**Student:** 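Before anything else, here's the structure in question.
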Amino acid sequence: MGLIDTLLGHAGEKSIDDIREEFAPLLAPGETLQRAFGLIRDLIVFTDRRMILVNKQGVTAKKVEYRSVPYRAIVMYALETAGHFDLEADLHIWISGQAAPLDLHLGRNSGATDIVAILAQNTSK
């Protein structure tokens with residue numbers, strides 16, 4: 001991921017080795033990290049059991065929200081790709097029991113199709 005992509009907020013794949021220590025206390029016994037994508041400070045992390053959305057808040061990003069979404073709770077998802085003049089793609093994920101979808105704003109050429117492929121693979125189990 002280049003500097004321009006990072007500044008624009010485009011998602012790029014992160015190394016699992018770089019986040020392994022941070023996520024070790026959050027994983028269930030036997031759960032493994034599969035892939036991760038970064039958006040400036042935030043992350044989308046996929047394990048073999050769930051998707052974890054990481055929202056780093058505040059100026060110092062010391063306050064962090066970890067939102068865990070089991071794959072079995074994902075009812076539907078939609079990817080709205082970037083057009084010619086748009087700089088980002090939008091991913092909408094509907095969760096069982098919630099009326100409004102989770103909305104994630106991803107950059108152009110950001111791995112959005114990889115993210116959708118991971119969702120397709122894990123939600124069809």
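Since this is a predicted model, take the numbers as computed values, not measurements. All residue numbers in this chain count up from 1 along the given sequence.
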**Student:** Are side-chain heavy atoms of D114 and R35 found at a separation under 4.5 Å?
**Tutor:** yes

**Student:** Can you list the steps and then say if F37 with V45 is a side-chain contact (heavy atoms from CB on, under 4.5 Å)?
**Tutor:** CA-CA 6 Å; F37 296 86; V45 178; over 6 Å; no

**Student:** Which pairs, with at least one residue in residues 16-35 and sequence neighbours excluded, count as a ring-ring contact (aromatic ring centres under 6.0 Å, His included)?
**Tutor:**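 Only F23-Y66 qualify under ring-ring contact (aromatic ring centres under 6.0 Å, His included).
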
**Student:** Applying the side-chain contact (heavy atoms from CB on, under 4.5 Å) criterion to L104, which one of L79, D90, D42, I44 satisfies it?
**Tutor:** I44

**Student:** Could I get the full list of side chain to side chain contact (heavy atoms under 4.5 Å, CB included) partners for D17, not counting sequence neighbours?
**Tutor:**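 Expected list: S15, R20.
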
**Student:** Membership question, hydrophobic clusters at under 4.5 Å side-chain separation (ILVMFWY): are L26 and L33 in the same one?
**Tutor:** yes

**Student:** Run the side chain to side chain contact (heavy atoms under 4.5 Å, CB included) test against A28 and tell me which residues pass, sequence neighbours left out.
**Tutor:** E31, R49

**Student:** List the steps and the verdict of side-chain contact (heavy atoms from CB on, under 4.5 Å) for I74 and I93.
**Tutor:** CA-CA 7 Å; I74 297 173; I93 303 172; 3.8 Å; yes

**Student:** Applying side-chain hydrogen bond (donor to acceptor under 3.5 Å, both in side chains), which residue pairs with at least one partner in residues 93-102 are found, sequence neighbours left out?
**Tutor:**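 The answer is none; no pair qualifies.
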
**Student:** So which atom in I16 and which in A36 form the shortest heavy-atom distance, rounded to 0.1 Å?
**Tutor:** CD1-N, 3.9 Å

**Student:** Under the side chain to side chain contact (heavy atoms under 4.5 Å, CB included) test, which residues partner E65, sequence neighbours left out?
**Tutor:** N55, Q57, R67

**Student:** Does the D48 side chain pair with the main chain of Q34, one donor and one acceptor, at a distance under 3.5 Å?
**Tutor:**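 A pair under 3.5 Å: no.
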
**Student:** Taking side chain as C-beta onward, heavy atoms only, is L43 less than 4.5 Å from I19?
**Tutor:**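 Yes - at least one pair of side-chain heavy atoms lies under 4.5 Å apart.
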
**Student:** Search all heavy atoms of L53 against all heavy atoms of L102 and return the closest pair with its distance.
**Tutor:**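 Smallest interatomic distance, heavy atoms only, reads CD1-CD1, 3.7 Å.
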
**Student:** Just wondering, do I52 and F46 contact through their side chains at under 4.5 Å, heavy atoms?
**Tutor:**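 A side-chain contact under 4.5 Å is absent here.
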
**Student:** Please confirm whether the backbone N or O of N122 pairs with a side-chain atom of Y71, one donor and one acceptor, at under 3.5 Å?
**Tutor:**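 Answer holds: no.
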
**Student:** With sequence neighbours excluded, tell me which residues meet side chain to side chain contact (heavy atoms under 4.5 Å, CB included) with A73.
**Tutor:**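 Partners of A73 by the side chain to side chain contact (heavy atoms under 4.5 Å, CB included) criterion, ordered by chain and then number, come out as P70, I95.
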
**Student:** Testing the basics here: between R50 and L27, what is the closest heavy-atom pair and its distance to 0.1 Å?
**Tutor:**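 Residues R50 and L27, closest heavy atoms: NH2-CA, 3.7 Å.
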
**Student:** Please name the residue in the list L119, I118, I115 that meets the side-chain contact (heavy atoms from CB on, under 4.5 Å) test with M51.
**Tutor:** L119

